[in-house]
Amino acid sequence: MFLALEERLRESVASYVSAKYGSGAPVVVELPRRPEFGELALPLCFGLAKRLRREPRKIAEELAANLPAIAGIRSIEAAGGGYLNVRFDRGAYALAALSPAAAAADKAKIADKAKIIVEHTNINPNKAAHIGHLRNAVLGDTLVRMLRALGREVEAQNYIDNTGVQVADVAAAFHFLERRSPQAVAALAADPDIAFDRYCWDLYAAVSRRYAERPQSLSWRTQALSAIESGTGELAALGRVVSDAIVDRHLDTMLRIGVEYDVLPRESEILGLEFWAAAFALLKQRKAVYLETAGKNAGCWVMPAENFRDAPAGARPDRERPLDEEAAASASKVIVRSNGTVTYVGKDIAYQLWKFGLLPGKDFHYAPLRRYPSGRQAWVSTADAGASAADAAAPAFGSGAEAYNVIDARQAYLQDVVRAALRLLGYERQAARSIHFSYEMVALSPRCCAELGIELAEEDRKRPYVEVSGRKGLGVKADDLIDRLIDTAYEEVRDRHEDLSEAACREIAEQIAVGALRYFMLRFTRTTVIAFDFAEALAFEGETGPYLQYAAVRAKNILRKFEETAGAPPDFSTALSPQAWSRHLDENLWQLLLTASRSRWAISRAAAAGEPAQLARHAFELARTFSNFYHQYPVLKEADRERQTVLLSIARYVLDELKSLLAVMGIPAPDAM
RNA sequence: GCGCCCGUAGCUCAGCUGGAUAGAGCGCUUGCCUCCGGAGCAAGAGGCCGCAGGUUCGAAUCCUGCCGGGCGUACCA
């Protein structure tokens, strides 16, 4: 609704201005900073002023007087130093916003049908998920939901690095430290009394300590790594048992917060089905990599640094000291190690190529992994063509037109290397559409460390925050945080609802916990380091998920109580005339309705900016405006029937829009709180 | 050293492609239940937007240089 009108305004003004002043510049439309300034503002006269060498205010006045009428817009006036303030025809706008046609018209405008692949979560399957992984999953899942809400086809992929060092370390720990067989570990993983992911969390920290204390035990890692890569032997079997069981736990954890995946491509298949071999052949053929013969990288296949660094120091003429050979070698990126095994970057290059359908003749086989309660089916890659019945039924994964890689900012360097590989292979367009959707880490605040009883090293004590480290076992586990959120919410719900059963309270508490957690992760822009603090994460008041949920509950209550006492409400889309709207639509009501009507605009703006936090902000603004309305307008006590219908229809409309915003953020809308 | 990110109210953060009087939440102070549940509403105090230059009619926003802080720069991912 809002989007359509904004579009119409932009086009109309642009064509008039280009005809009158010959300016082809795109017309920028912004939200006025104060409501008195109208619904939209055009700052274009400032730009015109320069070209025309006239005062912006004068141009604005001229435009305001001469612009042709635009349907749905009541007035355009000059304001301030040269703004054009635009006011809508409120009655007509309200009527249109509430009509089912408005929503349908928005949905019909799907710009692009091409498939988008969003890769997120990507947790090493060797230990329990922690809060950093939650940020990744919430950002990724919200991105998926935003794009889907805008009508795009989106494939959610969760890449499983089941052949890397981290899994090798835990496999080695079971083998060498605990002397357990794959069968014994499988039994451990199946034991309902043992949280296997937590068990591995501790074991991973233990083996890392062991490496630090006795470096010679690092040979365990080497043995495990090569066993896993060849796929044979006890250590390889351990690796499989560990990673499969942990992946299952991760899916459980993520499902708790409403995160689902379409497909889990695994690194074992990148290797086993020779995706990597095919990619390596391409890289060699294009001379994107070469075999280093001297220096510290001797025996490795490397990619020279100038391919992925825009301005290497040696290439800059203003630098007096050019890069010497030693430095050049150390800046190169090793793709294949001297022992012949491939690094993560190499495997990721193969994966990215597959995502864009650039490995001819290569595809995974698939096996069904789990069916979500929502009905969505998750698949996992497999090398085994034997499961052919299911395999044949699997959707066509991969071959996307665009890929978002939700990966934390610390991996920017590796992402640059992967993109450089695409470019070197001649896939310039795909490289440009392989987007590193980066975000800063979640660290632990000093207070949080104190609360967890973590003893900090001397140098860490002075820091503003401490990095989470799986290797050190330092962090807050995702499930622990979710449990605490539920417990805290449960106490609150219990206090407020003596009428509800324990199970009902529990369900509401879970919804509140998810709302609190997801909103917490979304409030921050992607470039902000979150210094995690329990007090902040567990807050349910102010700008929090539960505040938004509470606004929805209040709207539901109004409508429910109305129905209980007065029967079915009228059809709001037809019950009121534009005149009726104009009679009752005061400034507050108008601002509320207007804010609600901007939800789709907010989604597309947040998607375009790649910043889910903007969406969170908008949803909060809507909830806040509604809370004010709730307090100020006693809907059920309203004696004037027509006025009551206006109020009710606004409540209905806000509820619908708020629910759709919550859904895009993956936040449940409880019936009661 | 080089690259990227951050520095805005006591604290935690917004501020969209430069635009109108710099915003929110928490905390603090003060009001508000004859109520559709207060996880709320209203009001108030609180800001050399790190510093210094520059570009511009106009800079929290763009450029340069400093000063703090973080991350990266692995044959880990």
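Computed from a prediction, not measured in an experiment: that's the story for all the values here.
Taking atom P in both A74(B) and G3(B), one finds a spacing of 15 Å when rounded to whole Å. Nucleotides A14(B) and G58(B) have their C1' atoms positioned 23 Å apart, rounded to a whole Å. With both ends at atom P, the span from A45(B) to C5(B) equals 37 Å, rounded to whole Å. Comparing the C1' positions of G18(B) and G54(B) gives an interatomic distance of 15 Å, to the nearest angstrom. Nucleotides U73(B) and C57(B) are separated by 44 Å at their C1' atoms, to the nearest Å. U8(B) and G47(B) have their P atoms separated by 15 Å, given to the nearest Å. When the P atom is compared between C2(B) and G44(B), the two are found 49 Å apart, to the nearest whole Å. Atom name P, nucleotides A22(B) and C48(B): the rounded distance is 13 Å, in whole Å.
With respect to R496(A) and E492(A), a salt bridge is recorded, a charged nitrogen being found less than 4.0 Å from a carboxylate O. The existence of a salt bridge linking E36(A) and R34(A) is confirmed by a sub-4.0 Å separation between a basic side-chain nitrogen and an acidic carboxylate oxygen. Look at D169(A) and R471(A) and you find a salt bridge, because one of the NZ, NE, NH1 or NH2 atoms lies within 4.0 Å of a carboxylate O, short of that distance. Comment: E621(A) engages R624(A) in a salt bridge, judged by a side-chain N to carboxylate O separation of less than 4.0 angstrom.
Y550(A) places its OH atom 5 Å from the P atom of G38(B), with the value rounded to the nearest Å. Nucleotide A24(B) holds its C1' atom 14 Å from the CD atom of E536(A), rounded to whole Å. As a whole-Å value, the separation of F540(A) CZ from A39(B) P is 13 Å. The OH-C1' distance, from Y630(A) to C32(B), rounds to 15 Å in whole Å. The CZ-C1' distance, from R560(A) to G37(B), rounds to 10 Å in whole Å. One interatomic measurement links the two molecules: NE2 of H497(A) to P of G37(B), which rounds to 11 Å at whole-angstrom precision. For Y351(A) and A77(B), the OH to C1' distance is 15 Å, given to the nearest whole Å. For the pair E541(A) CD and C41(B) C1', the interatomic distance rounds to 13 Å; values are reported in whole Å.
Among the protein residues, L414(A) comes within range of the nucleic acid bases, having at least one heavy atom under 4.0 Å from a base atom. At the heavy-atom level, S627(A) lies under 4.0 Å from the strands shown only through sugar-phosphate atoms. At a threshold of 4.0 angstrom between heavy atoms, the contacts of L559(A) with the nucleic acid are absent. Using a 4.0 Å heavy-atom criterion, one finds that Y547(A) contacts the sugar-phosphate atoms exclusively. At a threshold of 4.0 angstrom between heavy atoms, the contacts of T525(A) are confined to the sugar-phosphate backbone, with no base atom among them. Counting non-hydrogen atoms under 4.0 angstrom, T341(A) reaches nothing in the nucleic acid. Using a 4.0 Å heavy-atom criterion, one finds that P634(A) contacts the bases of the nucleic acid, with or without backbone contacts as well. Looking at heavy-atom distances under 4.0 Å, N85(A) makes contact with a base. Heavy atoms of R410(A) sit under 4.0 angstrom from primed sugar atoms or phosphate atoms, though from no base atom. Backbone-only contact: V529(A) has heavy atoms under 4.0 Å from sugar-phosphate atoms and none from a base. Backbone-only engagement by E467(A) is indicated by non-hydrogen atom pairs under 4.0 Å involving sugar-phosphate atoms exclusively. Among the protein residues, V342(A) comes within range of no part of the nucleic acid, since none of its heavy atoms lies under 4.0 Å from any strand. At a threshold of 4.0 angstrom between heavy atoms, the contacts of F524(A) are confined to the sugar-phosphate backbone, with no base atom among them. Heavy atoms of A41(A) sit under 4.0 angstrom from at least one base atom.
In terms of polar N and O atoms assigned as donor or acceptor, the side chain of T527(A) never comes within less than 3.5 Å of the base of C5(B) in a complementary pairing. Judged by atom type and distance alone, H631(A) does not reach the base of G38(B) through any side-chain donor-acceptor pair under 3.5 Å. No donor-acceptor contact under 3.5 Å links the side chain of R33(A) to the base of U21(B). The base of C16(B) is paired with the side chain of R605(A) by a donor and an acceptor separated by under 3.5 Å. Between the side chain of R496(A) and the base of A39(B), a donor-acceptor pair under 3.5 Å is found.
Dashed line: the shortest gap from a side-chain N or O of N557(A) to OP1 or OP2 of C36(B) is not under 4.0 Å. Here N339(A) does not reach the OP1 or OP2 of C75(B): none of its side-chain N or O atoms lies under 4.0 Å away. The phosphate of G70(B) (OP1 or OP2) has a side-chain N or O of R463(A) nearer than 4.0 angstrom. At G69(B), none of the side-chain N or O atoms of K462(A) fall inside 4.0 Å of OP1 or OP2 (strictly under the cut-off). Applying the 4.0 Å criterion to OP1 and OP2 of A14(B), one finds that T528(A) has a side-chain N or O inside that range. Within the structure, every side-chain polar atom (N or O) of Y490(A) is placed at least 4.0 Å from both OP1 and OP2 of A39(B).
In this structure G23(B) sits in a base pair with C13(B), meeting the Watson-Crick or G-U test at under 3.5 Å. The partner of G68(B) is C6(B), by the rule that a Watson-Crick or G-U pair needs both atom distances under 3.5 Å. Under the Watson-Crick and G-U wobble criteria, each requiring two contacts below 3.5 Å, nucleotide G58(B) is left unpaired. With a cut-off of 3.5 Å on both Watson-Crick or G-U wobble distances, the partner of A42(B) is given as U30(B).
Geometrically, R135(A) does not engage Y439(A) in a cation-pi contact, judged by NZ or CZ lying under 6.0 Å from the ring centre and within 45° of the ring axis. A cation-pi arrangement is present between R554(A) and Y630(A) under the rule of less than 6.0 angstrom and at most 45 degrees off the ring axis.
Distance from the side chain of R523(A) is smallest to U12(B) among U12(B), U56(B), G72(B). Ranking C36(B), G69(B), A39(B) by closeness to the M673(A) side chain, first place goes to A39(B). Considering only the side chain of Q614(A), C16(B) comes nearest among A39(B), G70(B), C16(B).
Dense packing is recorded around CZ of R560(A), with more than 12 heavy atoms of other residues, nucleotides or ligands lying under 6.0 Å away.
For the residue pair E267(A)/Y159(A), the side-chain donor-acceptor check at 3.5 Å is satisfied. Donor-acceptor pairing under 3.5 Å is recorded for the side chains of E543(A) and Y519(A).
Each of L31(A) and A409(A) was assigned the nucleotide of RNA chain B with the nearest heavy atom; the assignment lying further toward the 5' end belongs to L31(A). Annotation: of the two residues near RNA chain B, F620(A) and G47(A), the 5′-most nearest-nucleotide partner is G47(A).
Remark: ring of F37(A) overlaps the six-membered base ring of A20(B) in a stacked fashion, centroids less than 5.5 Å apart, planes less than 30° apart.
Of all the heavy atoms in L636(A) and Q644(A), the pair that sits closest is O-NE2, 3.5 Å.
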